[in-house]
There are 2 protein chains.
Amino acid sequence: MPSQAQFENLFHYFKKFNSISKAAEEALVKLCSHIKVPKNKDLQPIGYTCKTIYFIDKGIARIYYYREGIDVTEFFASENSIIVRAESLFTGKPSRKAIQVLEDSEIIGVDAVALFKLYDQFPEIERLFRKIFETAYVETVNRIESIQFHSAKERYEALLLDSPDILQRVPLKHIASYLGITQVSLSRIRAQR
Amino acid sequence: MPSQAQFENLFHYFKKFNSISKAAEEALVKLCSHIKVPKNKDLQPIGYTCKTIYFIDKGIARIYYYREGIDVTEFFASENSIIVRAESLFTGKPSRKAIQVLEDSEIIGVDAVALFKLYDQFPEIERLFRKIFETAYVETVNRIESIQFHSAKERYEALLLDSPDILQRVPLKHIASYLGITQVSLSRIRAQR
DNA sequence: CGATTCCTTTTACATATGTTAAATAATCAC
DNA sequence: GTGATTATTTAACATATGTAAAAGGAATCG
């Protein structure tokens, strides 16, 4: 039986966006489930439609896909953040991308199908997730700027500044494809310092 | 006095996302204004907080900013689409980016401050804009994929396929910076075909 | 219409990044 | 702990893209 204590971090995260009534909290708790995922396991495989919103309680995860047979990382998320394949969740189409856990992790899944139904009953929940995804949208716009108009070296240094923990916890090959360069290029950049 | 007939295209656009009640439509119309903007004029200049959502009735516009003194285009929009500096609208912070019209254009502005207030009264309006920006978010996620994992030539050809009209209507220097390359590179790519 | 400005292409050269392969280094499984 | 696997770095060379400068074309304005 899900109890809110189990989802303390998640609800603390929610509170930063929009506070919701007790009734809404209780309805929301019912959609949550806590799972343990071993290192390197796919949380969601390629080809499936995204129907769950994931929150990382402990651990680290990435979104990746294959481009011409090569593994490409699109996104990283660690503790106290949400990870979601937006292009599938919001279109209902199967995703060419997968979510993989990079350490033994504890993940909270929120049933998105049930969540979207809850929007009719609780506008405050709709508002909460509207704000969450508006913020994600802004981050994505900023990421475009970072990718498009900064050199590989600048992007590496920005990541080093923004998320030093990710550099520590994730194989460099994933970092390289995330930065849009080869592992060889990344090695060269690292050697310069 | 704003009448809905003036905003026919905009409300047709809205309908594709979420249909709203007559009362909501009437409240929404009051926030709209139709303006004519001459070619090359900044609709919103750099340094101001984005407080208006723009819909392009006729014409074409771009979001741009300066990176190390160089004019960089981040986004294009033409007829029947919305253009907005999300990173300012959703954070309330001043934007380093401007919106400029590239032809004599007719633009509908929606007062965003009043709109956000209307959300409390009309959850259906909140839902409408939630869906609009979810779609914009998905497009932005797809754009990252396009920028990061395709060569300049592939990106040019994708643009040629997706938005041939933009190629016709916009100076190539803007296309080049939008694609993340120099004008010289773009010329070389075009010469290859 | 002519002059000016802006836009686009071309050239030559510099630099960054990609590719392939091999050498180390670190980690994992038994 | 040892061997096998995986991760990271290095080297040599190829290619794509950047920079700067010049020239040709197109659009604009009086």
Side-chain angles (χ1 to χ4, degrees), chain A residues 37-42 59-60 62 64 66-73 76 100-105 145-160 164-193, chain B residues 38-42 59-60 62 64 66-73 76 100-105 146-160 164-193:
Chain A
V37 188
K39 179 170 179 172
N40 291 331
K41 185 165 182 192
D42 272 4
I60 194 159
R62 66 176 183 132
Y64 74 97
Y66 291 97
R67 162 156 163 71
E68 292 169 10
I70 292 167
D71 175 319
V72 170
T73 295
F76 290 112
Q100 182 192 34
V101 143
L102 298 172
E103 296 173 351
D104 292 342
S105 299
E145 196 183 316
S146 144
I147 295 173
Q148 186 157 22
F149 306 115
H150 293 82
S151 67
K153 186 175 179 183
E154 288 169 320
R155 277 174 273 150
Y156 173 74
E157 282 166 1
L159 185 66
L160 205 60
D165 60 311
I166 287 180
L167 266 305
Q168 300 297 324
R169 293 162 74 181
V170 168
L172 288 176
K173 61 178 176 181
H174 297 331
I175 306 282
S177 74
Y178 175 78
L179 293 174
I181 55 179
T182 61
Q183 199 175 344
V184 176
S185 275
L186 180 56
S187 247
R188 277 194 285 241
I189 288 166
R190 286 162 59 87
Q192 280 174 39
R193 331 191 79 231
Chain B
K39 179 171 178 172
N40 291 331
K41 183 162 182 197
D42 273 4
I60 195 160
R62 67 174 182 133
Y64 74 96
Y66 292 97
R67 164 157 161 70
E68 292 170 8
I70 292 166
D71 175 320
V72 169
T73 295
F76 290 113
Q100 181 193 34
V101 143
L102 297 172
E103 296 173 352
D104 291 342
S105 299
S146 143
I147 296 173
Q148 185 156 24
F149 306 116
H150 292 84
S151 67
K153 187 177 182 184
E154 288 169 320
R155 277 174 273 152
Y156 174 74
E157 282 165 1
L159 185 65
L160 205 59
D165 60 310
I166 287 179
L167 266 306
Q168 301 297 324
R169 294 163 72 182
V170 168
L172 287 177
K173 60 178 177 178
H174 297 332
I175 307 281
S177 75
Y178 176 77
L179 294 174
I181 56 179
T182 60
Q183 200 174 343
V184 175
S185 276
L186 180 57
S187 246
R188 276 193 287 242
I189 288 167
R190 286 161 61 86
Q192 279 174 41
R193 332 189 81 230

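To find a chain, count down the sequence lines: A is the first, B the second, and so on, and within it residues start at 1.
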Rounded off to whole Å, could you give me the NZ-to-C1' distance for the Lys153(B) and dG18(C) pair?
17 Å
In whole angstrom, give the distance that lies between atom CZ of Phe149(B) and atom P of dG18(C).
12 Å
Distance test, side-chain N/O of Thr182(B) to OP1/OP2 of dG18(D), below 4.0 Å:
yes
So which nucleotide from dT10(D), dA7(D), dT19(D) ends up closest to the side chain of Lys173(A)?
dA7(D)
Between P on dA7(D) and CG on Leu167(A), what's the gap in Å once rounded to a whole number?
16 Å
Rounded to the Å, how far apart are His174(B) NE2 and dC6(C) C1'?
11 Å
Side-chain atoms of Arg188(A) come closest, of dT8(C), dT17(D), dA12(D), to dA12(D)
Single hit among Gln100(B), Lys173(B), Arg62(B) for side chain to side chain donor-acceptor pair (under 3.5 Å) with Asp71(B):
Arg62(B)
Give the C-alpha distance, both sets of side-chain angles, the deciding distance and a yes or no for side-chain contact (heavy atoms from CB on, under 4.5 Å) between Tyr156(B) and Ile181(B).
CA-CA 10 Å; Tyr156(B) 174 74; Ile181(B) 56 179; over 6 Å; no
dG25(D) C1' sits how many Å from Leu172(B) CG, rounded?
13 Å
Check this one for me: any side-chain N or O of Ser187(B) less than 4.0 Å away from OP1 or OP2 of dT10(C)?
no
Gap between atoms CG and P, on Asn40(B) and dT5(C) respectively (whole Å)
17 Å
Between P of dT8(D) and CD1 of Ile189(A), the distance in whole Å
15 Å
Gln183(B) has a side chain; which of dT8(D), dC7(C), dT17(C) sits nearest to it?
dC7(C)
Of Ser151(B) and Lys39(B), whose nearest nucleotide on DNA chain D comes first from the 5' end?
Ser151(B)
Within the side chain of Arg155(B), is there an N or O that forms a donor-acceptor pair under 3.5 Å with the backbone of Tyr178(B)?
no
Within the structure, does a side-chain N or O atom of Arg190(A) lie under 4.0 Å from either OP1 or OP2 of dT9(D)?
yes
Side chain of Ala152(B) (C-beta onward), nearest among dT20(C), dG18(C), dT17(D):
dT17(D)
If you take all heavy atoms of Ile189(A) and Lys153(A), which pair is closest and at what distance?
CD1-N, 3.7 Å
In this structure, how many angstroms lie between the P atom of dT10(C) and the CG atom of Leu186(B), rounded?
12 Å
Taking the side chain as everything from C-beta on, heavy atoms only, tell me whether Leu172(B) gets closer than 4.5 Å to Arg190(B).
yes
